[in-house]
Amino acid sequence: MSPECAFVLDHYNDYISGELVAGEVARVEDHIKSCPNCEKFLGKASRLHGRTVGLLRTSAPQTLRNSISSLLDKA
Amino acid sequence: MDKKTKKRLTFETEVMANLDSMYRYALHLVRNTEDAGDLVQETCARSLKAADQFKQGTNARAWLFTIMRNIFFNQHRAKSRGEVPSDWTDEVESGDQRFTGSVWPQPFELFLRDMMRDDIDKAMAELSIDFRSVVMLCDVEGFSYAETAELLDIPVGTVRSRLHRARASMQSMLTQWFNKGLEANES
Ligand SMILES: [Zn+2]
């Protein structure tokens, strides 16, 4: 494995989390332009992450919203 | 206009704006909707009493989450007489290794499309609370590693490694279930 592929593998989670500094982001993004394997890998990881997070984003039930609202009003 | 101060109104706006986040976080801590509702109520009541300590312009959500965590762990401690279940941490190590080294499920598009809320909930339930916490805070609520570390009172490196391992575990579980589903359909 090339050092650049290894870098992507080591850092793709941080890339997805937005935790890389600008230079590291550029390093990942430059590499995937020329490496279809890493591009595919990162694409799948990002999409799985997006889907998972989307499914986990529940809203509070309206009944709870109402009771908190009245709790604040009364206080 | 009643006597509510501007500061108090700001505080109330913050609480209402963060209600979905609080509910999600409560749900991950207590694992059922009824107790989650109670925990949110208690957190709001508690934070209301401490509203004077809230500094405008600081991260209200982090502040509310900290209050919620304290309530949860105090209640939990009261219930279990000071014992934190030891398997929480032990399970993490062994449980996590079970799920490493996975490959992407095929066909990937079908995998994503068929993934259900129930699958994700089931996978989350398999994670220890330490791992679920970082997924909820970093991935769902969008806190940075550093913010999450402060909230959970653990090192940033621990947040990072837990998050990575939690994601890998979930991916692996989801893949296994998806593959089982495919096999079941074929036979
Ligand atoms: Zn590569």
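Numbered from 1 within each chain, the chains take letters A, B, ... in sequence-line order.
Of the two parts of B/D121, only the side chain, counted from C-beta on, holds a non-hydrogen atom closer than 4.5 Å to a non-hydrogen atom of chain A. If you measure heavy-atom distances from B/L19 to chain A, the contacts under 4.5 Å come from both the backbone and the side chain. For chain A, the nearby parts of B/Y145 are the backbone and the side chain; heavy atoms of each come within less than 4.5 Å. B/M124 touches chain A through its side chain: at least one heavy atom from C-beta onward sits under 4.5 Å away, while N, CA, C and O do not. Contact of B/C138 with chain A is not made at all, since no heavy-atom distance falls under 4.5 Å. Proximity to chain A (any heavy atom under 4.5 Å) is restricted, for B/R167, to the side chain, taken from C-beta onward. In this structure, the portion of A/R51 lying under 4.5 Å from any heavy atom of chain B is its side chain and not its backbone. For a residue to count as touching a neighbouring chain, one of its non-hydrogen atoms must lie under 4.5 Å from one of that chain's; by this rule B/L112 touches chain A with backbone and side chain alike.
The choice from B/K49, B/M116, B/R8, B/R117 that makes the most heavy-atom pairs within less than 4.5 Å of chain A is B/R117. Chain A forms the most heavy-atom pairs under 4.5 Å with one residue out of B/H28, B/R24, B/M136, and that residue is B/R24. If you tally non-hydrogen atom pairs under 4.5 Å between each of A/G18, A/G50, A/A45 and chain B, the highest count goes to A/A45. In terms of non-hydrogen atom pairs under 4.5 Å with chain B, the most contact-rich of A/L48, A/T63, A/I16 is A/L48.
Between the side chains of A/N66 and A/Q62, at least one donor N or O sits under 3.5 Å from an acceptor N or O.
Both tests pass for B/R61 against the ring of B/F143: distance under 6.0 Å to the centre and angle within 45° of the axis.
More than 12 heavy atoms of other shown residues, nucleotides or ligands fall within 6.0 angstrom of atom CG in A/D73.
Here the side chain of B/N32 pairs a donor or acceptor atom with the backbone of B/D35 at under 3.5 angstrom.
Annotation: side chain of A/E29 is not in contact with side chain of A/E24 (no heavy-atom distance under 4.5 Å).
The side-chain contact (heavy atoms from CB on, under 4.5 Å) check on A/M1 picks up A/C5, A/A6, A/L9, with sequence neighbours excluded.
Residues A/V53 and B/V134 do not share a hydrophobic cluster, defined by chaining ILVMFWY side chains whose heavy atoms lie under 4.5 Å apart.
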Passes ring-ring contact (aromatic ring centres under 6.0 Å, His included), B/W104 versus B/F111? Steps please.
CA-CA 9 Å; B/W104 295 113; B/F111 166 67; 7.8 Å; no
